[in-house]
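Note sheet for the following structure.
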Amino acid sequence: MTTFPVTASTLSEKALGNFIKENYQLAENFECKLFRTGVNHTYFLSNADTTYVVRVYCHNWRTKAEIQEELKLLELLNAHKLSISTPISDKNGNLIQDIVAPEGLRHIVLFTFAEGEKMRFMTNETCFAIGSIMAKIHTITATKIINRINYNADVLLNKAYDKLNLFFSDDLNEMKYLKQISSKITTRFEKTVLSEDKKGIVHLDIWYDNLSVNNVNKITLFDFDNCGNGCLILDIGYFCKQLFFIEADKKEYETKVESFLNGYKKERNLSKEELDLIPEAGASIFVFYLGVQAQRFDWSNIFLTANYLKMFVGRIKNWLDYYEQKKNHC
């Protein structure tokens, strides 16, 4: 009987564990467990003393050259002694493993485990610490260029819309709204002149799910899979927007976002032009991630319904409306 082709597969925990133990010369008592599937698949490899993270990149998601650029960035940040999850070399000094899955070539990287816990409801002190480490990263990456995607308005908004348009009609009110704000945000970006030191390499996904907290002052960042080039305010706007939807009490949001920005400004200056762009920066990345969900239909198909689009676009609208009202009351 012929084996039927697949578009995506989930690797066997046991087989992957044996593969990693052999290539990295780890003890036999390490056990491999699937943590979650998603844009990439994540496994934990652990014994009583140590835990590692295994990222299995999905087929045709990242090229090997793109992954190499991500890992070079991690090594740069690690050389500056920043608290991040770092890649680990195998017995031959290689950071990337290649395997042939049923759907085709997939890449694997072993990372250090970010000790601590995920903290959805963060304290002011934690927000301050996150702002501080983000600013330290930006101080290192400002003016630098990585050989990866450039996060401009066309990529964040227009191309994301085109991907969504394959699933949703232009006639939907939510799609009309996305087109409307995309035009406004693009114009806003074009009219804002930022100095070169306000641009560089961005993480683009810093929020509570991609960091661990050992205590309020010890933050470890991970998952740089979406790193690329862009205005540094994109990272700031995205974190603020995530915080906005975690904190239902907007007075609580304001105190925490102030702590976050104070932590950032303690390490690095924020210009008025950057601060004024926070609403558009946060909204543009949320539009971009809608496009990613459409692009990666194999894992996100449960999200791609009219109801989900209505909910997600509603969040973007609430965020922009909130800042528009703030501006009008100033």
Side-chain angles (χ1 to χ4, degrees), residues 34-44 51-58 61-62 66-67 69-71 73-78 82-88 109-123 126-138 140-141 146 148-149 151 156 200-228 230 232-247 256-257 260 263-264 281-282 284-286 288-290 292-293 296 299-300 303 315:
L34 176 66
F35 173 61
R36 67 182 176 193
T37 60
V39 173
N40 297 305
H41 294 182
T42 303
Y43 296 75
F44 290 154
T51 299
Y52 297 106
V53 178
V54 186
R55 180 190 295 164
V56 183
Y57 292 82
C58 287
W61 175 239
R62 300 288 183 215
E66 286 176 319
I67 298 171
E69 288 292 291
E70 174 193 352
L71 303 186
L73 172 61
L74 294 178
E75 290 178 326
L76 171 67
L77 298 178
N78 187 48
L82 293 187
S83 184
I84 59 168
S85 172
T86 54
I88 300 169
V109 176
L110 185 69
F111 292 94
T112 57
F113 181 74
E115 297 288 347
E117 62 176 322
K118 291 183 181 179
M119 188 182 291
R120 178 176 171 84
F121 295 100
M122 295 166 279
T123 64
T126 302
C127 291
F128 185 95
I130 295 168
S132 176
I133 191 172
M134 184 187 291
K136 288 175 181 176
I137 290 173
H138 287 173
I140 296 165
T141 64
I146 194 171
R148 291 189 64 152
I149 189 170
Y151 288 114
L156 293 169
I201 304 169
V202 292
H203 182 291
L204 212 78
D205 203 10
I206 295 177
W207 65 307
Y208 84 89
D209 203 40
N210 286 333
L211 58 88
S212 290
V213 185
N214 250 352
N215 57 57
V216 291
N217 294 315
K218 176 64 173 177
I219 307 295
T220 303
L221 285 177
F222 53 89
D223 195 355
F224 283 69
D225 181 50
N226 287 306
C227 64
L232 302 177
I233 196 65
L234 290 172
D235 278 340
I236 296 166
Y238 179 72
F239 180 82
C240 291
K241 190 174 189 310
Q242 289 285 8
L243 191 61
F244 182 82
F245 288 106
I246 291 170
E247 299 297 340
K256 291 183 179 179
V257 81
F260 164 71
Y264 189 97
S284 66
I285 299 177
F286 262 51
F288 171 75
Y289 280 128
L290 268 175
V292 170
Q293 290 174 12
R296 294 299 309 280
W299 72 267
S300 65
F303 300 126
R315 286 186 166 189

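Residue numbers start at 1 and run along the sequence shown. Bear in mind that the values here come from a model prediction, so they are computed numbers and not experimental data.
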Start with the C-alpha distance between Thr141 and Leu232, add both sets of side-chain angles, then the distance that settles side-chain contact (heavy atoms from CB on, under 4.5 Å), and finish with yes or no. CA-CA 9 Å; Thr141 64; Leu232 302 177; 4.2 Å; yes

Decide salt bridge (charged side-chain N to carboxylate O under 4.0 Å, His left out) for Asp225 and Arg296; before the verdict, give the C-alpha distance in whole Å, the side-chain angles of both, and the deciding distance to 0.1 Å. CA-CA 14 Å; Asp225 181 50; Arg296 294 299 309 280; over 6 Å; no

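Residue Ser85 holds its OG atom at 10.0 Å from CG of Asn78, rounded to the nearest 0.5 Å. From Arg120, atom CZ reaches atom CG of Leu243 across 10.0 Å, with rounding to the nearest 0.5 Å. To the nearest 0.5 Å, the span separating CD on Glu117 from CG on Leu211 amounts to 11.0 Å.
For the pair Leu76/Ile201, no side-chain contact is recorded, criterion being any heavy-atom separation below 4.5 Å from C-beta on. Residues Ile146 and Cys227 meet the side-chain proximity criterion, which asks for heavy atoms closer than 4.5 Å. At least one side-chain heavy atom of Met134 sits less than 4.5 Å from a side-chain heavy atom of Ile206. Annotation: side chain of Phe222 is not in contact with side chain of His203 (no heavy-atom distance under 4.5 Å). The shortest side-chain heavy-atom distance between Asp223 and Phe111 does not fall under the 4.5 Å cut-off. Side chains of Leu221 and Ile137 form a contact here, defined as non-hydrogen atoms less than 4.5 Å apart. A heavy-atom distance below 4.5 Å is found between the side chains of Thr112 and Ile88. When side chains are defined from C-beta on, Tyr52 does not count as touching Tyr43, because their heavy atoms never get closer than 4.5 Å.
Judged by distance alone, with hydrogens and angles left aside, the side-chain atoms of His138 form no donor-acceptor pair with the main-chain N or O of Val202 at under 3.5 Å. The closest donor-acceptor contact from the side chain of Thr51 to the backbone of Phe113 lies at 3.5 Å or more, if one exists at all. Remark: side-chain polar atoms of Lys256 are not paired, donor with acceptor, to backbone N or O of Cys127 under 3.5 angstrom. For the pair Ser212 (side chain) and Thr220 (backbone), a donor-acceptor distance under 3.5 Å is absent.
With sequence neighbours excluded, the residues that form a side-chain contact (heavy atoms from CB on, under 4.5 Å) with Glu66 are Arg62, Thr63, Arg148. Remark: Asn210 pairs with Asp205 by the side-chain hydrogen bond (donor to acceptor under 3.5 Å, both in side chains) rule, at least two apart or across chains.
For Phe239 and Phe260, the ring centers are positioned less than 6.0 Å apart.
Contact between Trp61 and Asn40 at its shortest, heavy atoms only, is CD1-OD1, 3.3 Å. Nearest approach of Val109 to Pro87, heavy atoms of both residues: CG1-CB, 4.0 Å. Considering every non-hydrogen atom in both Ser83 and Ile133, the closest pair reads O-CD1, 3.6 Å. For the residue pair Met122 and Met119, the shortest heavy atom distance occurs at CG-O, 3.0 Å. Of all non-hydrogen atoms in Phe224 and Arg55, the two that sit nearest each other are N-NH2, 4.0 Å. Shortest non-hydrogen contact noted between Thr42 and Leu34 is O-CD1, 3.5 Å.
No side-chain donor-acceptor contact under 3.5 Å links Tyr289 and Gln293.
For the pair Arg315 and Phe245, the cation sits on the ring face: its NZ or CZ lies under 6.0 Å from the ring centre, inside 45° of the axis.
Ring planes of Tyr151 and Phe288: perpendicular class, angle over 60° (limits at 30 and 60°).
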